[in-house]
Amino acid sequence: ESSLRFDLHLASHSMTRRFLISRVLFPTTIAGVMSYFLLSQISIRSIPETLGRLPLRSLVVGFGLYCLFVWTKALRFRKLLRLERPIRQLLPILALHTFWGNILPMRGGDVSYIYLMKRREQVDGAKSVASLMLASFIDFTLLIALMVGTGWLLRSHLEGQLSYIALFL
């Protein structure tokens, strides 16, 4: 009986180690290498200069639209998760999720969403993952509808210039 426990302990340790390597260390290493490569192509000193050339109005409008995007995202996730919390409690979580989703490769920002929802809102990890999958499906459906609608509206202007397939690529 004790050897069976020892074998089970070794098997679970091996699976934990395999899980750690395949699900955490390998993707983190790839994300780190890709981030380093991408950031090495950018001159950090040129960022303030580039932002300084933008009109202030454009920055304000862009920031306002970004905030509106995060607010609607918070509404959507509150509805998907059936949370009774005020939007202002979800906004920081979804702002960080959006920020990290834009910065980190390979959907790394989704990990921040799952972690923060579990830590701050006590939402089960499986429920968080399901809400992300459903939100991605909704986004995909809306994007396809937007492309089809745009193609339909512009079809008379595009006749003879582009194939319909090229419109979606």
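This one's a predicted model, so the numbers in the text were calculated from it and none came from an experiment.
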Co-membership, hydrophobic cluster, residues Ile44 and Tyr36, 4.5 Å side-chain: no
Note, Arg76 side chain near Asp139 side chain (heavy atom, < 4.5 Å): yes
Thr50 side chain reached by Arg53 side chain, heavy atoms, under 4.5 Å: yes
Qualifying ring-ring contact (aromatic ring centres under 6.0 Å, His included) pairs, either residue in residues 50-99, two or more places apart: Phe77-Tyr113, His97-Tyr113
Atom pair CG (Leu83) and NZ (Lys79), whose distance is rounded to the nearest 0.5 Å: 11.5 Å
Distance (rounded to the nearest 0.5 Å) between Leu51 CG and Ser46 OG: 9.5 Å
Test item: Arg78 side-chain N/O and Glu84 main-chain N/O as donor-acceptor pair under 3.5 Å: no
Side-chain heavy-atom pair Ile114, Val123 within 4.5 angstrom cut-off: no
Pairwise side-chain contact, Met117 with Leu90, heavy-atom cut-off 4.5 Å (strictly under): yes
Leu142-Leu132 co-clustered via ILVMFWY side chain contacts under 4.5 Å: yes
Straight-line distance of Ile138 CD1 to Leu80 CG, nearest 0.5 Å: 5.0 Å
Leu91-Leu68 co-clustered via ILVMFWY side chain contacts under 4.5 Å: yes
Spatial distance of atom CG (Leu94) from atom CG (Leu75) [nearest 0.5 Å]: 10.0 Å
Rounded distance (nearest 0.5 Å) linking atom CE of Met133 with atom OG of Ser128: 13.0 Å
Connected via hydrophobic side-chain network under 4.5 Å: Leu146 and Trp152: no
Interatomic distance, Leu96 atom CG to Ser112 atom OG [nearest 0.5 angstrom]: 6.5 Å
Salt bridge (charged side-chain N to carboxylate O under 4.0 Å, His left out) contacts touching residues 88-98 (sequence neighbours left out): none
Ser58 side-chain N/O to Leu54 backbone N/O, donor-acceptor pair under 3.5 Å: no
Same apolar cluster (I L V M F W Y, side chains within < 4.5 Å links), Val148/Phe140: yes
Expected output: side-chain Glu121 to main-chain Lys118 donor-acceptor under 3.5 Å: no
